[in-house]
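Given the structure is predicted, the values throughout are model-derived calculations rather than measurements.
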Number of protein chains: 2
Amino acid sequence: MSTISKENYLKAIFIEEVERNSHVPVNILSAKLGISQAAVSDMSKKLANEDLLDYQKYKGLKTTQKGRNIALDIIRKHRLWEVFLTNTLGYNCDEVHDEAEMLEHSTSTKLINKIEEFLNFPILDPHGYPIPDKNGNFPNTREIINFSQVEVGKFYEVARVNDENKEVMNYLTKIGIVLGEKLFIENSLEFDKTLIVKIRGNSIAISSQISEIFSVSLVEGA
Amino acid sequence: MSTISKENYLKAIFIEEVERNSHVPVNILSAKLGISQAAVSDMSKKLANEDLLDYQKYKGLKTTQKGRNIALDIIRKHRLWEVFLTNTLGYNCDEVHDEAEMLEHSTSTKLINKIEEFLNFPILDPHGYPIPDKNGNFPNTREIINFSQVEVGKFYEVARVNDENKEVMNYLTKIGIVLGEKLFIENSLEFDKTLIVKIRGNSIAISSQISEIFSVSLVEGA
DNA sequence: AAATAAAATTAAGCAAACTTAAATTAATAA
DNA sequence: TTATTAATTTAAGTTTGCTTAATTTTATTT
């Protein structure tokens, strides 16, 4: 049986396994969910029993096709709610995450399909993340790289901003890291990978920790 | 702490206590919620401990002011979601209940206030039940008086319309006297008790004979 | 008023989803 | 390679919200 807790496990594992392109260590998931490793270990066995996880002791976690379907369904609901909250109700980008986090588990397939139609089939959520369609397929998107991967001397456009930490979100907004904003990489400090970036005519320094939080796409010939 | 389960208990008890105007027997609630009497007995103690229920052994259940506030909040969320599903997404009346039953527990105060605004402050849900406002005012529980008893300078809300005479009903509908409609009493003619009423931005005269036909409730602090 | 039926409560137990603490396995460093 | 550290799992225990069965209280009937 699917519960809110299990849905959250599957969603978090899926997102993490895609990001690192391999099995997710228990301690990573434990930290992400704010839950003890023992609990993660326990739950993993249950999810594997239901054929939702690919799990062998000490080998980390990965969703099965069946588990992935549930994860994608929840992600789809989450992101469509985020669009609804911003576009229809006038929420700010940084206010929608927690709200969507609750709604995603209380939303039938029928309801989310109606919401999708009402919103005119959006393709990206307010942070620039793609919305899986009814069948769990992501639409085609431009190539997007994490900001920590950028090269000096090139132009980029902010493509995605992780919204999990509200404080960080607010900071990013303040320094101009918002969806669609264009920026130029002036320099990269060898010392700690701090990036010197020109944005809105100002040069600012962005730490490597902050760089992890958002992604960009290359702006050709700018 | 408030949980989905507790919210459901409080909602069911409140609705039932209003309907029968007295304490709710344990077996009635048990049947309503589809839960054993033992469980209801158990939970009642917990809710009473949190000062949400007025409960003495063998005496039945009733909400306290604090419990009533939670119940009204959930009912408000439920009914506003029902309006949203029908009016905005095109659900049929008979499809909205289960959907709203889930959403009501995953909806912040901020969100439901925005939804209310988006829907233009509806007063009744699709089944004709009144929607509690932000402050937990519940038209059903307010004192209802015949329109001939109103006082000049106050706001009222149409609470009941006698539908025995179809011709009169149509007339009332045309001038805006429909369930839930808000109005302001501008004046009362000494001569024949004709009332001058502001409704939907227009001032209209309502004869004393017509005034007998419908009832209103006072809208506090409007 | 006593017998019986109905309603409510208590008791004991279970499953889910956690916790902390202890034990085990894997990874890393001297 | 062995010692140490880190990661993971197992074990034992908790809370919530239920269950069924047994007991107690209240209500009803004769």
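- Taking atom CG on A:Leu53 and atom P on D:dT9, their separation rounds to 12 Å, with Å as the unit.
- With sequence neighbours excluded, no residue satisfies ring-ring contact (aromatic ring centres under 6.0 Å, His included) with A:Tyr9.
- Atom CG of A:Asn8 and atom P of C:dA16 are 17 Å apart (whole Å).
- Evaluation of the salt bridge (Lys or Arg N to Asp or Glu O under 4.0 Å) rule for B:Lys6 yields B:Glu50 as partners, not counting sequence neighbours.
- Less than 4.0 Å separates DNA chain D from at least one heavy atom of each of the following residues of residues 18-26 of chain A: A:Pro25, A:Val26.
- For A:Tyr171, the side chain to side chain contact (heavy atoms under 4.5 Å, CB included) partners at least two apart in sequence or on another chain are A:Ile175, A:Ile210.
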Do any N or O atoms of the protein come closer than 3.5 Å to N or O atoms of nucleotides 25-27 of chain C, and which pairs are they?
{"unit_1": "C:dT25", "atom_1": "O4'", "unit_2": "A:Tyr58", "atom_2": "OH", "d": "3.3"}

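- Checking A:Asp54 against A:His23 by side-chain atom types alone, no donor-acceptor pair falls below 3.5 Å.
- The side chain to side chain contact (heavy atoms under 4.5 Å, CB included) check on A:Glu186 picks up A:Phe184, A:Ile196, A:Lys198, A:Ser203, with sequence neighbours excluded.
- Applying the salt bridge (Lys or Arg N to Asp or Glu O under 4.0 Å) rule to A:Lys46 yields no partners; only residues at least two apart in sequence or on another chain are considered.
- In this structure, B:Glu7 places its CD atom 15 Å from C1' of D:dT16, rounding to the nearest Å.
- For NZ of B:Lys59, the number of neighbouring non-hydrogen atoms (other residues, nucleotides, ligands) closer than 6.0 Å is 12 at most.
- Taking 4.0 angstrom as the limit, B:Lys45 places none of its side-chain polar atoms (N or O) nearer than this to OP1 or OP2 of C:dT9.
- For B:Glu117, the CD atom counts as loosely surrounded, since its 6.0 Å shell holds 12 or fewer non-hydrogen atoms of other residues, nucleotides or ligands.
- Among residue pairs with one or both ends in residues 27-41 of chain B, those qualifying as side-chain hydrogen bond (donor to acceptor under 3.5 Å, both in side chains) are B:Glu16-B:Lys32; sequence neighbours excluded.
- Within the 4.0 Å cut-off from OP1 or OP2 of C:dT9, at least one side-chain nitrogen or oxygen of B:Tyr55 is found.
- B:Gln65 meets the side chain to side chain contact (heavy atoms under 4.5 Å, CB included) test with B:Arg68, B:Asn69; sequence neighbours excluded.
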Pair up each side-chain donor or acceptor in residues 70-81 of chain A with any protein partner under 3.5 Å, not counting sequence neighbours, and list the distances.
{"unit_1": "A:Asp73", "atom_1": "OD2", "unit_2": "A:Lys77", "atom_2": "NZ", "d": "2.9"}
{"unit_1": "A:Arg76", "atom_1": "NH1", "unit_2": "A:Glu116", "atom_2": "OE2", "d": "3.0"}
{"unit_1": "A:Arg76", "atom_1": "NH1", "unit_2": "A:Pro132", "atom_2": "O", "d": "3.1"}
{"unit_1": "A:Arg76", "atom_1": "NH2", "unit_2": "A:Asn113", "atom_2": "OD1", "d": "2.6"}
{"unit_1": "A:Arg76", "atom_1": "NH2", "unit_2": "A:Glu116", "atom_2": "OE1", "d": "2.8"}
{"unit_1": "A:Lys77", "atom_1": "NZ", "unit_2": "A:Thr107", "atom_2": "O", "d": "2.8"}
{"unit_1": "A:His78", "atom_1": "ND1", "unit_2": "A:Glu101", "atom_2": "OE1", "d": "3.4"}
{"unit_1": "A:His78", "atom_1": "ND1", "unit_2": "A:Glu104", "atom_2": "OE1", "d": "2.8"}
{"unit_1": "A:His78", "atom_1": "NE2", "unit_2": "A:Glu82", "atom_2": "OE2", "d": "2.9"}
{"unit_1": "A:Arg79", "atom_1": "NH1", "unit_2": "A:Pro130", "atom_2": "O", "d": "2.7"}
{"unit_1": "A:Trp81", "atom_1": "NE1", "unit_2": "A:Thr107", "atom_2": "OG1", "d": "2.8"}

Kindly give the atom pairs (protein nitrogen or oxygen, nucleotide nitrogen or oxygen) under 3.5 Å for nucleotides 1-5 of chain C.
none

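- Here the CG atom belonging to A:Leu53 is positioned 6.0 Å from the CG atom belonging to A:Leu61, to the nearest 0.5 angstrom.
- Phosphate proximity of C:dA6 to B:Asn27: absent, as no side-chain N or O sits under 4.0 Å from OP1 or OP2.
- Rounded to whole angstrom, the span from the CG atom of B:Leu33 across to the C1' atom of D:dT19 amounts to 15 Å.
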Pull out every protein N or O sitting under 3.5 Å from an N or O of nucleotides 17-20 of chain C, one pair per line with the distance.
{"unit_1": "C:dA17", "atom_1": "OP1", "unit_2": "A:Thr3", "atom_2": "OG1", "d": "2.7"}
{"unit_1": "C:dC18", "atom_1": "OP1", "unit_2": "A:Ser5", "atom_2": "OG", "d": "3.3"}
{"unit_1": "C:dC18", "atom_1": "OP2", "unit_2": "A:Ser5", "atom_2": "OG", "d": "3.0"}
{"unit_1": "C:dC18", "atom_1": "OP2", "unit_2": "A:Tyr9", "atom_2": "OH", "d": "3.4"}
{"unit_1": "C:dT19", "atom_1": "OP2", "unit_2": "A:Ser36", "atom_2": "N", "d": "2.8"}
{"unit_1": "C:dT19", "atom_1": "OP2", "unit_2": "A:Ser36", "atom_2": "OG", "d": "2.7"}

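- Rounding to whole angstrom units, CG of residue B:Leu29 and P of C:dA8 are separated by 10 Å.
- Judged purely by atom type and a 3.5 angstrom limit, A:Ser215 has no side-chain atom pairing as donor or acceptor with the backbone of A:Phe147.
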